[in-house]
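Naming: A, B, ... by sequence-line order, numbering from 1 per chain. All heavy atoms count here, side chains included; hydrogens, waters and symmetry mates do not.
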2 protein chains.
Amino acid sequence: MEALLEATARILVREGYDRASTNRIAALAGVSVGSLYQYFPNKESLVTALVARHTREMLQLLQDAMEEVATLDLESALRELIRAMIEAHRIDPVLHRIFDEQVPRMGQLAEIEAIERETFALVRNYLEARRDEIAVADLDTATFICVTTVETLTHEFVIQRREAGKGEQAAFVEEITRMIFGYLRPDLPAV
Amino acid sequence: MEALLEATARILVREGYDRASTNRIAALAGVSVGSLYQYFPNKESLVTALVARHTREMLQLLQDAMEEVATLDLESALRELIRAMIEAHRIDPVLHRIFDEQVPRMGQLAEIEAIERETFALVRNYLEARRDEIAVADLDTATFICVTTVETLTHEFVIQRREAGKGEQAAFVEEITRMIFGYLRPDLPAV
DNA sequence: AGAATCTGCGAGCTATCGCTCACATTGTCT
DNA sequence: AGACAATGTGAGCGATAGCTCGCAGATTCT
């Protein structure tokens, strides 16, 4: 089962979604197609399981960072969370990109939407706790903007500037931090 | 040809990318498969042409807005540009979403990357002209952040809050404007 | 009018897909 | 060792994909 998920990931990366046939996946995993269909009722559930596992790994990193950051001031906390998001995207950027770009949104994806809602709730919860330091009207909107912005920017950064050095990454984190912090606290200069 | 592009768009929206077969597209366009292959050498080029047309339409809206905004102060200009981006996404949000989520990145997509570089250049050029009002170290990074952020946020807004009223949209534009403006001018309060 | 050219047609080719099922192999219990 | 269950196998089924090509009707030229 683990071998099947790994094989699926590697085939998706190497061949793309439409060339990722169940036969090829089974072959790379070293089992027969028949066995594949004993563990997963169909191709969709196999892919869904892989997406879910990957998304949960990323969420885990964010949760860990969230705990480590509890005692910091808002700006430092944001910086660490954004750094953590970049680390999360470094788990398997190419695979994550294929999920984004090629894997069709399917029925069973409800499970993944649940994970995404967990992410949203996690961030919203954090902002709620700092409510008095944050100067935005609607917390839901603010959460939506923060999550979407940070997710996309860190994703694109990892994809496009794959070979970025530590310094370049730190500078990028600083930029996003400044933007988000400035957004949450518009009445205070960020510098 | 126009009929074929329209048919492709409608099939993509109604059936999704994998079910968008050349036979179905030709049938909906009211021509035969044979004719389809007189205009487009293969399916890829047909889809690429559609993506390119759509992307260019959106870029056109942005360019128009850019001209109308030339005389405004930075903050008002940003607000109008962001509003224009939402309008651009309203052209055909569902189709745009399918391009994002399902259409695989293919070879001929070079043409589309060119259009995206044009967008980047357009924004970079604008920021360059306002260089003295902008307090950001690296203009390329700033452009990258602005383009990516605004594109994603307006996209997600149009998709997720499809039925949003004028007021809700205005409030959202205000939030993004404040964030971007605050990012470009960190030393001044945005309120 | 007849020849020549062009345009559009769609049955059907080959390839590949997700998936099944009759069978082989391995493991467990008496 | 032999019986039975559980697990693994892979040739092959039906469906469907992208695409071809021999042909029919329309159009232009002589």
Side-chain angles (χ1 to χ4, degrees), chain A residues 1-54 95 98-112, chain B residues 1-54 95 98-112:
Chain A
M1 250 219 31
E2 174 55 34
L4 281 169
L5 289 176
E6 262 313 299
T8 306
R10 290 182 57 187
I11 292 277
L12 277 175
V13 167
R14 286 209 315 232
E15 314 258 8
Y17 183 78
D18 356 321
R19 296 216 167 275
S21 75
T22 50
N23 279 295
R24 253 191 281 267
I25 291 168
L28 183 63
V31 300
S32 70
V33 224
S35 297
L36 184 153
Y37 280 93
Q38 280 185 342
Y39 292 103
F40 299 94
N42 49 47
K43 186 188 171 182
E44 179 181 326
S45 69
L46 173 56
V47 173
T48 304
L50 181 65
V51 176
R53 193 182 68 157
H54 183 255
L95 185 62
I98 284 170
F99 292 161
D100 248 37
E101 294 181 351
Q102 294 186 27
V103 176
R105 268 50 174 177
M106 297 167 300
Q108 276 212 310
L109 231 94
E111 189 189 348
I112 286 139
Chain B
M1 250 218 32
E2 174 55 33
L4 281 169
L5 289 177
E6 262 313 299
T8 306
R10 290 182 57 185
I11 292 276
L12 278 175
V13 167
R14 288 210 312 235
E15 314 258 7
Y17 182 78
D18 355 322
R19 296 217 167 275
S21 75
T22 50
N23 280 295
R24 253 191 280 266
I25 290 169
L28 183 63
V31 299
S32 71
V33 225
S35 297
L36 186 153
Y37 279 93
Q38 279 184 343
Y39 292 103
F40 299 95
N42 49 48
K43 186 188 171 181
E44 180 182 326
S45 68
L46 173 57
V47 173
T48 304
L50 180 65
V51 176
R53 194 183 66 158
H54 184 255
L95 185 62
I98 284 171
F99 292 160
D100 247 39
E101 294 181 350
Q102 294 186 25
V103 176
R105 268 49 173 174
M106 298 166 298
Q108 277 211 309
L109 231 93
E111 189 190 347
I112 286 139

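Contact record, L4(B) with I25(B): O-CG2, 4.0 Å, taken as the closest heavy-atom pair. Between L12(A) and A20(A) the shortest heavy-atom distance is CD2-CB, 3.9 Å.
Proximity of V31(B) to Q38(B): side-chain heavy atoms (C-beta onward) are nowhere separated by under 4.5 Å. A heavy-atom distance below 4.5 Å is not found between the side chains of D18(B) and D18(A). Residues L50(B) and R53(B) are in side-chain contact: their nearest non-hydrogen atoms beyond the backbone lie under 4.5 Å apart.
For the side-chain contact (heavy atoms from CB on, under 4.5 Å) test, residues two or more places apart in sequence or in another chain that qualify with S32(A) are S35(A). Partners of E101(B) according to the side-chain hydrogen bond (donor to acceptor under 3.5 Å, both in side chains) rule, which considers only residues two or more places apart in sequence or in another chain, are R97(B). Applying the side-chain contact (heavy atoms from CB on, under 4.5 Å) criterion to E15(A), with sequence neighbours excluded, gives I11(A), R19(A), R24(A). Remark: Y37(A) engages T22(A), V33(A) in a side-chain contact (heavy atoms from CB on, under 4.5 Å) (not counting sequence neighbours). Scanning for ring-ring contact (aromatic ring centres under 6.0 Å, His included) contacts around Y17(A) gives an empty result, with sequence neighbours left out. Listed by chain and number, the residues in a salt bridge (charged side-chain N to carboxylate O under 4.0 Å, His left out) with R10(A) amount to none (sequence neighbours excluded). Applying the ring-ring contact (aromatic ring centres under 6.0 Å, His included) rule to F40(B) yields no partners; only residues at least two apart in sequence or on another chain are considered. Checked against side-chain contact (heavy atoms from CB on, under 4.5 Å), A52(B) has the following partners two or more places apart in sequence or in another chain: R56(B), E111(B), I112(B), I115(B).
Rounded to a whole Å, the NZ atom of K43(A) is 8 Å from the P atom of dC17(C). For the pair Y39(A) OH and dC19(C) C1', the interatomic distance rounds to 18 Å; values are reported in whole Å. In this structure, CE of M1(B) is placed 16 Å from C1' of dG8(C), rounded to the nearest angstrom. Summarising the geometry, the separation between CG on L36(B) and P on dG8(C) is reported as 12 Å, rounded to the nearest angstrom. Between N42(A) atom CG and dC19(C) atom C1' the separation is 10 Å, expressed in whole Å.
In this structure, F40(A) reaches neither bases nor backbone, as no heavy-atom distance under 4.0 Å exists between it and the strands shown.
Applying a 4.0 Å cut-off to non-hydrogen atoms, the residues of residues 16-23 of chain A that approach DNA chain C are A20(A), S21(A), T22(A), N23(A), listed by residue number. Annotation: proximity of residues 2-12 of chain B to DNA chain C (heavy atom, distance under 4.0 Å) is found for no residue.
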N/O-N/O pairs, protein side and nucleotides 20-28 of chain C side, under 3.5 Å:
none

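The footprint of chain B on DNA chain D, defined by a heavy-atom cutoff below 4.0 Å, extends from dA17(D) to dT20(D).
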